[in-house]
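Quick caveat: nothing in here was measured; it's all calculated off a predicted structure. Each residue takes its place number in the sequence, starting with 1.
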Amino acid sequence: MRDLGRAALVDARTDATRARLRFAAGAGVRDRVEAIVTAESRCCAFLALTVTDEPDSVVLTIEASEDAQLVLAELVDAFRGQPQVAL
């Protein structure tokens, strides 16, 4: 996630239960985002992850319930390359 974020993350907008991450479209970016979505969907079925295309970008939208706000924040931080907080 960090490598993809470093290479292509353009913008990340979040609120308590939703994140919208926009990646610069480029060779393999959509495939990399989809691979992460597939992996995270297996372990975090409580999240709704959607990938869409916009002109010149790939958008990942993550929606979480109120009790999954910490997981949502950790995912966004992982794409941003920020250290994870140990609980």
**Report entry** Heavy-atom check, side chain of Asp77 versus side chain of Arg80, under 4.5 Å
**Finding:** yes
_Do Ile62 and Leu21 make a side-chain contact, defined as non-hydrogen atoms from C-beta onward lying under 4.5 Å apart?_
yes
Contacts satisfying salt bridge (charged side-chain N to carboxylate O under 4.0 Å, His left out) that involve residues 19-29 (not counting sequence neighbours) are Arg20-Glu54
**Report entry** Path from Val76 to Val59 over hydrophobic side-chain contacts below 4.5 Å
**Finding:** no
Residue pairs meeting ring-ring contact (aromatic ring centres under 6.0 Å, His included), one or both in residues 19-62, sequence neighbours left out, come to Phe23-Phe79
Show me, pair by pair, the donor-acceptor contacts under 3.5 angstrom made by side chains of residues 4-15, not counting sequence neighbours?
residue, atom, partner, partner atom, Å
Asp11, OD2, Arg13, NE, 2.7
Asp15, OD1, Thr17, N, 3.0
Asp15, OD1, Arg18, N, 2.9

With sequence neighbours left out, the residues meeting salt bridge (charged side-chain N to carboxylate O under 4.0 Å, His left out) with Arg32 are none
ring-ring contact (aromatic ring centres under 6.0 Å, His included) pairs touching residues 48-74, sequence neighbours excluded, are none
Nearest heavy-atom approach of Leu72 to Ala16 is CD2-O, 3.7 Å
Residues pairing under side chain to side chain donor-acceptor pair (under 3.5 Å) where one sits in residues 37-47, two or more places apart or in two chains, turn out to be none
Applying side chain to side chain donor-acceptor pair (under 3.5 Å) to Asp53 and not counting sequence neighbours gives Arg30
Sequence neighbours excluded, the answer for side chain to side chain donor-acceptor pair (under 3.5 Å) partners of Asp3 is none
Contacts satisfying salt bridge (charged side-chain N to carboxylate O under 4.0 Å, His left out) that involve residues 58-73 (not counting sequence neighbours) are none
